[in-house]
Amino acid sequence: MGEYRKCIVRIRKVTHDTSRSDEVIEEKPALFYGVFQKAYPYKALLVYEASGQVSKPVAVVEIDRSLREVDLSQVKFLDGGGADG
């Protein structure tokens, strides 16, 4: 097993209560595996549009012994590493 950074991942909880106007966020402890590039094809819907590929960076984290792909802004590191020390 490699060196993974401990982090907290902010996850939106799915609620079926339509009367709630506030967003429910749950913070889960996780291990950060790294930043990877997610890519998927884009098919033009209109004649003058071009088909192609869309890509974006994503974080891969382990939560509850399962790997998940999350948006980079959802990850908060717990150690003092990185640009700030």
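In this structure, the side chain of Gln74 does not engage the main chain of Val70 through any donor-acceptor pair within 3.5 Å. Formation of a donor-acceptor pair under 3.5 Å by the Ser55 side chain with backbone atoms of Gln37 is not found in this model.
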Practice task
Check the pair Lys38, Glu69 against side chain to side chain contact (heavy atoms under 4.5 Å, CB included), reporting the backbone distance first and the verdict last.
Solution key: CA-CA 9 Å; Lys38 178 180 182 174; Glu69 165 194 310; 2.9 Å; yes
Handout entry: Chi angles and distances behind the side chain to side chain contact (heavy atoms under 4.5 Å, CB included) call for Leu31, Lys6
Key = CA-CA 5 Å; Leu31 288 177; Lys6 291 183 180 180; 4.0 Å; yes
Problem - Working for side chain to side chain contact (heavy atoms under 4.5 Å, CB included), residues Val9 and Glu27 - result: CA-CA 6 Å; Val9 177; Glu27 292 189 343; over 6 Å; no
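Clustering ILVMFWY residues whenever any of their side-chain heavy atoms sit less than 4.5 angstrom apart, transitively, puts Tyr4 in the very cluster that holds Leu67.
At a threshold of 4.5 Å between non-hydrogen side-chain atoms, the residues Ile11 and Ile63 count as touching. The closest side-chain heavy-atom distance from Gln53 to Pro41 is not below 4.5 Å. No side-chain heavy atom of Val60 sits less than 4.5 Å from a side-chain heavy atom of Arg68.
In this structure, Ala59 and Val75 approach most closely via the heavy-atom pair CB-CG2, 3.9 Å. Shortest non-hydrogen contact noted between Glu49 and Ala44 is O-CB, 3.4 Å. Cys7 approaches Val61 most closely through the heavy-atom pair SG-CG1, 4.3 Å.
Asp64 has a carboxylate O that lies under 4.0 Å from a charged side-chain N of Lys28, or vice versa, which qualifies the two as a salt bridge.
The distance from the CG atom of Asp71 to the NZ atom of Lys56 is 5.5 Å, given to the nearest 0.5 Å. Rounded to the nearest 0.5 Å, atoms CZ (Phe32) and CG (Leu72) are 7.5 Å apart.
Side-chain atoms of Tyr33 and Glu62 include a donor-acceptor pair closer than 3.5 Å.
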